[in-house]
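Okay, so here's the structure we're looking at.
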Amino acid sequence: MPELPEVETVVRGLSRHIVGQKIKQVKILSARSTLGFTPAKRQGLRGASIKNITRRGKGIIVSLAKQPATARSAGGSDLSLLIHLKMTGQLIYIPHSRHAELVSASKTKILKQVRGDKLEKGRLNYGHPDKNFIETMPSRHTRVWFELSKGNLYFNDQRRFGWVKLTPTAEVPNDKFFSNLGMEPFDKNFTPAFLYSAIQRRPKSNIKTIILDQSLVTGIGNIYSDEALFYAGIKPTRLGKSITKADTTKLVSAIKKVLEKGIKYMGTSVNTHRTPEGAMGQMQNYLVAYDRKDLPCRKRCGSTIKKIRLNGRGTHYCPICQK
DNA sequence: TGCCCCCTGCAG
DNA sequence: CTGCAGGGGGCA
């Protein structure tokens, strides 16, 4: 699912719901979705409390504070949970207070709406006719199940590309994934001058590939790169050496604009993205390029959006408005 | 710096 | 059935 706006939506939602709660137990339902859950670290996890939740690029950092008793006896550093949702990851939080209600609501809806052959017990609403429908958790795609003091947090991931890593907080800066990330798009240093000089270093790459490079600027993925290039009026296939300073100025504002818009609408739910409450984002209703193959250009230029393949990624653009 | 791959499910 | 999907790691 997730690019910066989707991850930011998840982080903000979780921050509201689970900061301050204690971790009572962690159940790993899919070992390959986890890293670093050694017996020693798992011991340190029990009773730890959730201090804060932050985003870096498309990655999530859940910082924990040790349980006082463990801190006294075991020593060692505080732990962090590092989470990447990759293509289909979800983090769904269901407070104890809402669980029974959801189970009962889901039974009613199952009887009313779901074709028998489509129903699989405990499945999230992926593919369900009612897009706001949540079945009971854990679902068949739940990979890690966190029992917290006031509710349950489920890491769901249909394709199992995502991961949950357990790492000492002091080691997070050295993490393979996080240490390779470039500039945050909302950092004050993400300027046209910065992007322009980076683009100059890659004269033979196309501009879409350049802005997808997470080691340069982090958080832009396939949806928001197409969106930003549309607003900037730049064809995704343009080579780095052809990009002017004026293009770069437009592109930097377009990137910030589309990411802000994505956050405002709580992300794009063309597929599996959900907020921690299980609701869909709404940004799919405001896309101008991505997922609009053969639909009219929203600038009313009279053309339709074309879809091509660029470095193996589906790429959408307006042949008239983007030069 | 591009390609294949990881995996699962859906649309055509 | 084939191809494709919000990502990114490893490999020429």
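The sequence lines fix the lettering, A, B, ..., with proteins before strands; numbering per chain opens at 1. Because the structure is a prediction, the values reported are computed rather than measured.
Note on A/His141: a side-chain N or O is less than 4.0 Å away from OP1 or OP2 of B/dG9. Phosphate contact (OP1/OP2 of B/dT1, side-chain N/O of A/Arg202, threshold under 4.0 Å): present.
Residue A/Asn156 contributes atom CG, which lies 14 Å from atom C1' of B/dT8 at whole-angstrom precision. Going from atom CZ of A/Phe178 over to atom P of C/dG8 covers 11 Å, rounded to whole Å. Remark: P of C/dA5 and CD1 of A/Ile223 are 11 Å apart, rounded to the nearest angstrom. The nearest whole Å value for the distance from the CG atom in A/Asp213 to the P atom in C/dG9 is 11 Å. The distance between atom CZ of A/Arg140 and atom C1' of B/dG9, rounded to the nearest whole Å, is 8 Å. Atom NZ in A/Lys86 sits about 12 Å away from atom P in B/dC7, given to the nearest Å. As a whole-Å value, the separation of A/Ile60 CD1 from C/dG8 P is 12 Å. Between the NE2 atom of A/His84 and the P atom of B/dC6 there is a distance of 19 Å, rounded to whole Å.
A/Asp78 and A/Lys66 are joined by a salt bridge, as a carboxylate oxygen and a charged side-chain nitrogen come within less than 4.0 angstrom of each other. A salt bridge links A/Arg56 with A/Glu184: at least one charged nitrogen is closer than 4.0 Å to a carboxylate oxygen.
Side chain of A/Ser63 to backbone of A/Ser80: no donor-acceptor contact under 3.5 angstrom is found. A donor-acceptor contact shorter than 3.5 Å links the side chain of A/His273 to the backbone of A/Met266.
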Contacts under 3.5 Å, N or O only, protein and nucleotides 1-4 of chain C:
none

Check nucleotides 10-12 of chain C against the protein and report each pair of N or O atoms closer than 3.5 Å, with its distance, or say if there are none.
residue : atom : partner  : partner atom : Å
C/dG10  : OP1  : A/Lys176 : NZ           : 3.1
C/dG10  : OP2  : A/Lys176 : NZ           : 3.3

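Each of A/Asn311, A/Thr237, A/Ile220, A/Asp226 was checked for a side chain to side chain contact (heavy atoms under 4.5 Å, CB included) with A/Lys208, and the lone residue meeting it is A/Asp226.
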For this session: Evaluate the side-chain contact (heavy atoms from CB on, under 4.5 Å) criterion for residues A/Lys51 and A/Val19: first the C-alpha distance (whole Å), next the side-chain angles of each, then the deciding distance (0.1 Å), finally the verdict.
Result: CA-CA 6 Å; A/Lys51 247 194 324 197; A/Val19 165; over 6 Å; no

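Linking Ile, Leu, Val, Met, Phe, Trp and Tyr whenever their side-chain heavy atoms come within less than 4.5 Å leaves A/Leu82 and A/Val144 in two separate clusters.
For A/Lys58, the listed nucleotide lying nearest its side chain is C/dG8; candidates were B/dC3, C/dG8, B/dC7. Distances from the side chain of A/Tyr290 to the nucleotides C/dG8, B/dC6, C/dA5 place C/dA5 closest. When the nucleotides B/dT8, B/dG2, C/dA5 are ranked by their closest atom to the side chain of A/Thr209, B/dG2 comes out on top.
Residue-level contact check: A/Tyr224 touches neither bases nor backbone, having no heavy atom under 4.0 Å from any strand. A/Gly221 comes within contact range of the sugar-phosphate backbone alone, with a heavy-atom separation under 4.0 Å but no base atom that close.
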Exercise. What would the secondary structure line of DNA chain C be in dot-bracket form, counting Watson-Crick and G-U wobble pairs under 3.5 Å, with [ ] for pairs that cross earlier ones and | for pairs with another strand?
Worked result: |||||.||||||

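For B/dC7, the base has a donor-acceptor partner in the side chain of A/Arg159 [N/O atoms by modelled type, under 3.5 angstrom].
Cation-pi geometry between A/Lys27 and A/Phe146 is not met at under 6.0 angstrom from the ring centre and within 45 degrees of the axis. By the 6.0 Å and 45° rule, A/Lys256 does not stack over the aromatic ring of A/Phe190.
In this structure A/Glu260 satisfies the salt bridge (charged side-chain N to carboxylate O under 4.0 Å, His left out) test with no other residue, sequence neighbours excluded. Not counting sequence neighbours, A/Arg42 has no partner by the salt bridge (charged side-chain N to carboxylate O under 4.0 Å, His left out) test.
Evaluation of A/Phe161 against the base of B/dC7 yields no stacking contact (centre distance < 5.5 Å, interplanar angle < 30° required).
Through chains of ILVMFWY side-chain contacts below 4.5 Å, A/Ile308 is grouped with A/Tyr317.
Defined by atom type and a distance below 3.5 Å, a donor-acceptor pair is present between the side-chain atoms of A/Thr268 and A/Tyr224.
One P atom belongs to C/dT2, the other to B/dC5, and the distance between them is 16 Å to the nearest Å.
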